[in-house]
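One-based numbering along the sequence shown.
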Amino acid sequence: MKVYEIQQFGLESLVQAERPEPKIKDNQILIKVSAVSLNFRDLMTVMGSYNPKQKLPLIPLSDGVGEVVAIGQEVKRVKVGDRVAAIFAQKWIAGEPERKRLGTTLGGPYDGTLAEYIALDEDGIVHLPNHLSNEEAATLPCAGVTAWNAIISHGKLKAGDTILLQGTGGVSIFALQFAKLVGARVIITSSSDEKLARARALGADETINYKNNPDWEKQVRELTDGNGVDHVVEVGGTNTFDKALKSVRFAGQISVIGILSGPSAKLNLVPILMQNLRIQGIIVGSRTDFEDMNRAIELHKMKPVVDKLFSFDQTREAFEMMASGSHFGKIVIKF
Ligand SMILES: NC(=O)c1ccc[n+]([C@@H]2O[C@H](COP(=O)([O-])OP(=O)(O)OC[C@H]3O[C@@H](n4cnc5c(N)ncnc54)[C@H](OP(=O)(O)O)[C@@H]3O)[C@@H](O)[C@H]2O)c1
């Protein structure tokens with residue numbers, strides 16, 4: 001079967017290779033992959049900055065969907081013909097994240113989904129919402145579940161709350177869609193006015209160009225009568241964390257998800273304690289989070305935003321698009 005392998009770190013060493021079709025154990029299923037999606041983590045993995053100690057060669061990507069084409073003798077949750085998505089951390093079914101559960105993530109350390117066939121334990125999948133195409137459903141496992149976990153499972157966002165989202169990448173656009181689904185008010189930032197117009201079309205209430213307005217946190221406070229927002233989805237890291245602290249209300253929550261502009265920040269601890277803030281680290285979510293999210297997506301017939309579809313042979317171009325930051329929502333590869 002055809003796969004892509006990271007043979008050495010760097011985009012030029014992401015190459016097509018042949019591997020034997022995987023054999024399934026009694027508790028496993030064989031999935032013929034039909035679509036996969038890219039996350040920023042996958043780009044970091046390819047470049048060697050996510051885990052420089054990652055053993056190579058590695059098949060990248062955590063997100064993939066397809067049809068079950070064979071099942072082991074003990075399999076009960078799944079039947080041949082089912083449409084399924086892989087879960088991000090294969091052993092994290094429910095409850096809190098633990099080191100041993102998070103060591104089972106696809107696309108590193110485990111081989112990922114950028115392959116014609118993958119074999120997974122029957123517990124490591126969810127079924128897809130019926131109304132979604134395979135390409136749409138391929139966006140869900142990492143960015144979708146992360147946004148859901150941050151603002152719904154942990155954040156308990158509710159109608160009337162105000163949430164601040166940074167940029168218009170995969171996680172932030174899912175967060176926008178979930179926030180509108182529960183009736184919250186969305187303030188979203190972007191480096192591009194054109195992307196902000198697309199965000200408004202999806203229901204964003206207030207938009208701020210963070211390139212033209214480097215002091216955007218002041219605008220956030222003005223938009224909230226000086227109070228600050230109830231929740232911030234923090235994906236920027238170094239350049240945004242301090243601004244997130246200045247944007248949130250007393251006793252509000254900052255979900256720390258990404259480090260797009262760098263991993264460390266000079267921190268003033270005083271507002272955290274004096275304003276009783278909750279700083280919540282988020283690492284994707286469990287299979288239960290994924291199933292809860294799918295129920296909501298199905299009920300509301302929500303459609304994820306697929307910005308661009310690439311073919312399997314165009315995989316490198318897909319990664320180049322992610323590296324350029326020109327996308328809005330998700331980048332998908334269709335087999
Ligand atoms: N903790 C977890 O479990 C988890 C899960 C998924 C993702 N993540 C992390 O979350 C971050 C976002 O992931 P993603 O997959 O959504 O990425 P993505 O799709 O590549 O989104 C990137 C977008 O973020 C915006 N951006 C970049 N730098 C920014 C900055 N300094 N301030 C504000 N916005 C900025 C840009 O939007 P505009 O073009 O609109 O400006 C850019 O297009 C990454 O760091 C990723 O590793 C973490």
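T162 places no side-chain N or O within 3.5 Å of a backbone atom of G228 that could act as its donor or acceptor partner. Q90 places a side-chain N or O within 3.5 Å of a backbone atom of G124 that can act as its donor or acceptor partner. Counting only distance, with no hydrogens or angles, the side chain of R83 and the backbone of L128 share no donor-acceptor pair below 3.5 Å. Of the possible donor and acceptor atoms, one in the side chain of S261 sits under 3.5 Å from a partner among the backbone N and O of N239. At least one donor-acceptor pair closer than 3.5 Å links the side chain of R221 to the backbone N or O of N227. Side-chain atoms of E5 do not come within 3.5 Å of backbone N or O of L58 as any donor-acceptor pair. The main-chain N or O of S62 is never found under 3.5 Å from a side-chain atom of Y110 such that the two would form a donor-acceptor pair. Although no hydrogens or angles enter the test, the distance criterion places a donor-acceptor pair under 3.5 Å between the side chain of E298 and the main chain of N130.
Using a 4.5 Å cut-off on side-chain heavy atoms (C-beta onward), L102 and W92 make contact. No side-chain heavy atom of N213 sits under 4.5 Å from any side-chain heavy atom of K218. Looking only at side-chain heavy atoms (C-beta outward), T189 and L164 come within less than 4.5 Å of each other. Between M44 and N51, the closest side-chain pair of non-hydrogen atoms is not below 4.5 Å. Between I254 and F241 the shortest side-chain heavy-atom distance falls below 4.5 Å. Counting only heavy atoms from C-beta outward, the side chains of D289 and M293 never approach each other to under 4.5 Å. M322 is not listed as a side-chain neighbour of V46, based on a closest heavy-atom distance of 4.5 Å or more. The closest side-chain heavy-atom distance from S255 to H231 is below 4.5 Å.
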From CA spacing to verdict: salt bridge (Lys or Arg N to Asp or Glu O under 4.0 Å), E206, R185: CA-CA 8 Å; E206 312 285 352; R185 176 185 182 221; 3.1 Å; yes
CA sep, side-chain torsions, deciding dist, call: L30, E21, side-chain contact (heavy atoms from CB on, under 4.5 Å): CA-CA 9 Å; L30 185 68; E21 204 176 287; 3.7 Å; yes
What's the verdict on side-chain contact (heavy atoms from CB on, under 4.5 Å) for F335 and V36, showing C-alpha distance, side-chain angles and the deciding distance? CA-CA 8 Å; F335 288 27; V36 296; 3.9 Å; yes
Does D313 form a side-chain contact (heavy atoms from CB on, under 4.5 Å) with Q16? I'd like the steps, not just the answer. CA-CA 8 Å; D313 290 339; Q16 263 190 41; 2.7 Å; yes
Please walk me through it: do D230 and R249 pass side-chain contact (heavy atoms from CB on, under 4.5 Å)? CA-CA 6 Å; D230 300 286; R249 68 159 166 84; 2.5 Å; yes
Begin from the C-alpha positions of K91 and D121 and carry the test salt bridge (Lys or Arg N to Asp or Glu O under 4.0 Å) through to its verdict. CA-CA 9 Å; K91 302 279 184 209; D121 290 0; 3.0 Å; yes
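Annotation: the span from T315 atom OG1 to I333 atom CD1 amounts to 3.5 Å, rounded to 0.5 Å. Rounding to the nearest 0.5 Å gives a distance of 8.0 Å between CG of L38 and CG of L114. If you take CG on D193 and CG on N209, they are separated by 4.5 Å, rounding to the nearest 0.5 Å. Residue K303 holds its NZ atom at 6.0 Å from CG of L132, rounded to the nearest 0.5 Å. Note that CD of E234 is 10.0 Å distant from OG of S172, once rounded to the nearest 0.5 Å. Atom CG of D292 sits about 4.5 Å away from atom CZ of R295, to the nearest 0.5 Å.
Under the side-chain contact (heavy atoms from CB on, under 4.5 Å) test applied with I59, the options I6, I118, V3, L106 reduce to a single match, V3. Tested against F178 for a side-chain contact (heavy atoms from CB on, under 4.5 Å), the candidates V186, I297, L157 yield a single pass: I297. Here the options are V305, L140, T146, the test is side-chain contact (heavy atoms from CB on, under 4.5 Å), and the partner is F174; only L140 passes.
Legend: residues meeting ring pair (Phe, Tyr, Trp, His ring centres under 6.0 Å) with F328, ordered by chain and number and at least two apart, are absent.
Using a cut-off of 4.0 Å between Lys/Arg side-chain N and Asp/Glu carboxylate O, R101 and E96 are scored as not salt-bridged. Between E320 and R316 there is no salt bridge, since no side-chain nitrogen of the basic residue lies less than 4.0 Å from a carboxylate oxygen of the acidic one. The existence of a salt bridge linking E135 and K334 is confirmed by a sub-4.0 Å separation between a basic side-chain nitrogen and an acidic carboxylate oxygen.
More than 12 heavy atoms of other shown residues, nucleotides or ligands fall within 6.0 angstrom of atom CD in E317. Other residues, nucleotides and ligands contribute more than 12 heavy atoms inside 6.0 Å of the NZ atom of K301.
Placement of V220 and I163 in two distinct hydrophobic clusters is found when ILVMFWY residues are connected by side-chain heavy-atom separations under 4.5 Å, directly or transitively. Note on L309: it does not cluster hydrophobically with I173, by side-chain heavy-atom contacts below 4.5 Å among ILVMFWY residues.
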Extract all donor-acceptor atom pairs below 3.5 Å that involve side chains of residues 63-70 and protein atoms in other chains or at least two apart in sequence.
{"unit_1": "D63", "atom_1": "OD1", "unit_2": "C142", "atom_2": "N", "d": "3.3"}
{"unit_1": "D63", "atom_1": "OD2", "unit_2": "S37", "atom_2": "OG", "d": "3.2"}
{"unit_1": "D63", "atom_1": "OD2", "unit_2": "N39", "atom_2": "ND2", "d": "3.0"}
{"unit_1": "D63", "atom_1": "OD2", "unit_2": "C142", "atom_2": "N", "d": "3.3"}

